[in-house]
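The structure appears below as structure tokens.
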Amino acid sequence: MALKVYSTLSGQKEEFKPFSEEQVTMYVCGPTVYDSSHIGHAMSAVVFDVIRRYLEFQGYKVRHAMNFTDVDDKIINRANKEEVDWHTLTEKYINEFLEGIDALNVQRASVYPRATEEIGNIIAAVAELVEKGAAYPVEGDVYYRISAAQEYGALKHQSLEDLRAGERVEVDSRKENALDFALWKAAKPGEPSWESPWGLGRPGWHIECSAMALRHLGARLDIHGGGADLIFPHHSNEIAQSESLTGARPFVKYWLHNGLLQFGSDKMSKSLKNFVTIQEILKMGDPDNLRMFVLNSVYRNPLNYSPENFEAAGRGLQRLKAVFDPTQQWGDPTATQGNPEANQTLQQEIESVRPDFIEAMDDDFNSPQAMACLFDLVKEIHKGRDAGASPALLHLARETLAELGGVLGLRLKEVNHATGPTDCGPFINLLISTRRELRAVKQFALADKIRQNLKELGVTLEDRADGTSWKFEK
RNA sequence: GGCGACGUAGCCAAGUGGUAAGGCAGAGGUCUGCAAAACCUUUAUGCGGCGGUUCGAAUCCGCCCGUCGCCUCCA
């Protein structure tokens, strides 16, 4: 049993063996902060959060860096359009993004470097590439010389000839090769810029990641992640420039790419304006709903967002969380008395669920398979309760569920109050006790009316043998 | 046009050679005053189509159809 991960570079699942057994380094490309981040960005953050959590569960220490691209054309344009300072704009969207992923229970990265805070390193990197002959300056711009790269198309599994074949972009005639890309861009009047050996300018998009990864994680990374749309050109360029810079190959041991979130017939994208923001999805209810939605399919495949699919995932989440409904009685967790058969069945499930879960996750983080393990456990917990399994065993089973769910970042024990106010409990309890008295004297019409009216207010009552529970429900 | 993926039930979605996980929705039942929840039973002789390889294919090969991504800023 060993963890296998699918690397885009090799195109197959490989046994996971980090450079160091002590610490895994993981660099994940973050957003360009010119607008609110959408749930596609959140999906990527959740995917790599699950990967990180699983590595930590397996005993690795993970050093995790996620960058913010905080200077580029779109940021400049947006700032001009809104007549705000570009720095104010990026600060706003960085904070919004961090608030969003906090709410989604994404663990904070070890470090969040920003392009504009790494200018010195970036200039040094570009200068070194020029010195080594892997880059050339042209009128204040600096381009990477693609001919200096080894196996340039390897990540995309495409030859240089094929890459050139479909070239539809207008080629800058000053470039030696159409595929050469900008490391440094000369500033136009009014743009944010920094002094450099080539005059005032700013970094190109790709070099920032190489410089930041090198500084914060070292010359070689275990894992480099991002959305599948970054494979080319961004990550291909990163490989080229990083390897030219450090001479260390491969730059990255495992390239992990998440499939893109589809919305309708296209990928969700800021430029296509067909997106749902993280903040919008958080308003829809339980923040773990999005995580559940993401976990429901393998991370490498595209995921199609629709309100219906999203809600279906939410109902599955409710099923898991119902096991931790605080209004239900599970008995004294130290009581070991119970029906022997029920105990044996539940005991077996508790013993088998963990290895099954690990086997699923070891197979390139197969979260749907892992979720199936959790649902099986839920089923056995309910069965065990109905069949009279001991409270101690039920407690152990529930703790196992919470723990394994936690490995995936699900907060199963947390009661979600997002859909209702938190201070109306005493009033609802008063209505419940009144209703109990009505039911005792068989005034069912009135009792049902109370239940129905509460339901319309978003409060669901459930009558059980041991009393009535309530919860917020949309 | 080139390259890379994908197409599994009403919906979402695992499964890469040995006879179709799981979730949502639906149906019947148990429980309940009723409802909900939970539990039980049930819902693909078939995995886009047509051929081929094999004792055996959703899984391998070929062709076709359809969808998506990348080739341009993108998680």
Side-chain angles (χ1 to χ4, degrees), chain A residues 8 11 13 28-32 34 37-48 66 69 72-74 153 156-159 161-170 179 205 225-234 236 257-262 265-272 292-293 295-298 300-304 306 308-320 322-323 325 328 356 360 363 366-376 378-379 381-387 439 442-445 447-448 451-452 455 460-465 468-469 471 473:
Chain A
T8 308
K13 289 176 189 171
V28 181
C29 284
T32 303
Y34 71 96
S37 292
H38 58 65
I39 53 178
H41 301 106
M43 174 194 176
S44 186
V46 167
V47 162
F48 288 101
M66 179 185 223
T69 301
D72 95 317
D73 288 342
K74 277 180 296 199
K156 192 170 157 40
H157 301 286
Q158 198 162 357
S159 70
E161 291 71 36
D162 288 337
L163 283 167
R164 211 178 286 128
E167 189 73 56
R168 281 191 292 190
V169 220
E170 202 174 323
L179 288 169
W205 176 37
D229 52 353
L230 297 180
I231 293 170
F232 187 89
H234 186 54
S236 301
H257 291 100
N258 63 278
L260 299 178
L261 190 67
Q262 308 290 313
S265 56
D266 295 298
K267 72 166 176 172
M268 186 171 287
S269 143
K270 283 191 278 202
S271 46
L272 292 174
M292 193 70 189
F293 180 63
L295 289 170
N296 200 31
S297 71
V298 296
R300 286 192 285 124
N301 290 345
L303 180 58
N304 205 342
S306 73
E308 294 74 26
N309 296 348
F310 188 78
E311 281 166 25
R315 280 191 288 269
L317 177 63
Q318 279 174 22
R319 181 167 155 79
L320 295 179
V323 172
D325 182 345
Q328 286 195 51
D356 287 349
D363 182 15
N366 189 332
S367 57
Q369 195 81 57
M371 290 307 305
C373 295
L374 299 191
F375 279 110
D376 286 343
V378 167
K379 186 174 231 177
I381 288 171
H382 287 305
K383 271 182 163 176
R385 181 189 57 183
D386 292 355
R439 290 172 69 215
K442 300 201 186 297
Q443 294 284 330
F444 295 122
D448 289 351
R451 185 173 61 196
Q452 181 56 34
K455 175 115 187 155
T460 302
L461 300 190
E462 291 175 12
D463 296 325
R464 304 172 197 281
T468 299
S469 72
K471 63 183 173 189
E473 221 167 41

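Predicted model, so just to flag it, every value in this text is computed and none were measured. What you see below is based on every heavy atom in this structure, not just the backbone, and it leaves out hydrogens, waters and symmetry mates. So you know, we letter chains A, B, ... as the sequences are listed, proteins then strands, and number each from 1.
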Go through it in stages, so that I can follow the logic: the residues are A/V323 and A/H382, the test is side-chain contact (heavy atoms from CB on, under 4.5 Å), and I'd like the CA-CA distance, side-chain angles, deciding distance and then a yes or no. CA-CA 8 Å; A/V323 172; A/H382 287 305; 3.9 Å; yes
Between [M] and [N], how far apart are the [atom1] atoms? Round to whole Å, please.
N	M	atom1	result
B/rC24	B/rG18	C1'	31 Å
B/rG15	B/rG22	P	15 Å
B/rG49	B/rC65	C1'	7 Å
B/rU45	B/rC50	P	15 Å
B/rU72	B/rC3	P	16 Å
B/rG66	B/rG48	C1'	7 Å

Which residue lies toward the 5' end of RNA chain B, A/N309 or A/R451, if each is placed at its nearest nucleotide?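 Counting from the 5' end, the first nearest nucleotide belongs to A/N309.
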Earlier contact from the 5' end, RNA chain B, for A/D463 and A/P31: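 Comparing both residues, the 5'-ward one is A/D463.
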Measure [atom1]/[X] against [atom2]/[N] and give the value in whole Å, please.
X	N	atom1	atom2	answer
A/K13	B/rG15	NZ	P	6 Å
A/L230	B/rC71	CG	P	10 Å
A/K379	B/rA37	NZ	P	16 Å
A/D72	B/rC73	CG	C1'	7 Å
A/I231	B/rC71	CD1	C1'	12 Å
A/K267	B/rC68	NZ	P	14 Å
A/H157	B/rG69	NE2	P	20 Å
A/L320	B/rA37	CG	P	15 Å

If you check every side-chain atom of [X], which of [options] has the closest atom?
X	options	answer
A/D363	B/rG2, B/rC34, B/rG15	B/rG15
A/M43	B/rA14, B/rC73, B/rA75	B/rA75
A/D386	B/rA75, B/rC39, B/rC12	B/rC39
A/Q369	B/rG22, B/rA21, B/rA75	B/rA21
A/M268	B/rC3, B/rG23, B/rA75	B/rA75
A/D448	B/rC34, B/rA75, B/rA14	B/rC34
A/K383	B/rC40, B/rA37, B/rA14	B/rC40

Under-4.0 Å side-chain N/O to phosphate OP1/OP2 contact, [X] with [N]:
X	N	answer
A/T32	B/rA75	yes
A/R315	B/rA25	yes
A/N366	B/rG15	yes
A/H41	B/rA75	yes
A/N301	B/rA14	yes

Check step by step if side-chain contact (heavy atoms from CB on, under 4.5 Å) holds for A/R315 and A/E311. CA-CA 6 Å; A/R315 280 191 288 269; A/E311 281 166 25; 4.3 Å; yes
I'd like to know if A/R319 reaches the base of B/rC24 with its side chain such that a donor and an acceptor end up less than 3.5 angstrom apart.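 There is none.
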Is A/G40 touching bases, backbone alone, or none of the nucleic acid, heavy atoms closer than 4.0 Å?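 Result for A/G40 = base.
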Just to be sure I understand the rule, does A/H234 reach a base, reach only the sugar-phosphate, or reach nothing, if contact means heavy atoms closer than 4.0 Å?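 No contact.
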Using Watson-Crick or G-U wobble geometry with both distances below 3.5 Å, tell me the partner of [N], or none.
N	value
B/rG7	B/rC65
B/rA14	none
B/rG1	B/rC71
B/rU19	none
B/rA38	B/rU30
B/rC60	B/rG52

Working for side-chain contact (heavy atoms from CB on, under 4.5 Å), residues A/M43 and A/V46: CA-CA 5 Å; A/M43 174 194 176; A/V46 167; 5.8 Å; no
Apply salt bridge (Lys or Arg N to Asp or Glu O under 4.0 Å) to the pair A/D376 and A/K379, showing each step before the final yes or no. CA-CA 5 Å; A/D376 286 343; A/K379 186 174 231 177; over 6 Å; no
Work out which heavy atom in A/R439 is nearest to a heavy atom in A/A447; give both atom names and the distance.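 Reported closest heavy-atom pair: CG-CB, 3.6 Å.
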Quick test of the criterion, 5.5 Å between centres and less than 30° between planes. Is A/F444 stacked on B/rG33 or not?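 Aromatic stack with B/rG33 present for A/F444.
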When you measure from the side chain of A/T69 to the backbone of A/T32, do you find a donor-acceptor pair of N or O atoms at a distance under 3.5 Å?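 Not at all, since once roles are kept as given, no pair shorter than 3.5 Å links the two residues.
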Set out, in order, the CA-CA distance, both residues' side-chain angles and the distance that settles side-chain contact (heavy atoms from CB on, under 4.5 Å) for A/M371 and A/F375, then state yes or no. CA-CA 6 Å; A/M371 290 307 305; A/F375 279 110; 4.1 Å; yes
Could you go through the salt bridge (Lys or Arg N to Asp or Glu O under 4.0 Å) check for A/K471 and A/D325 one step at a time? CA-CA 9 Å; A/K471 63 183 173 189; A/D325 182 345; 5.4 Å; no
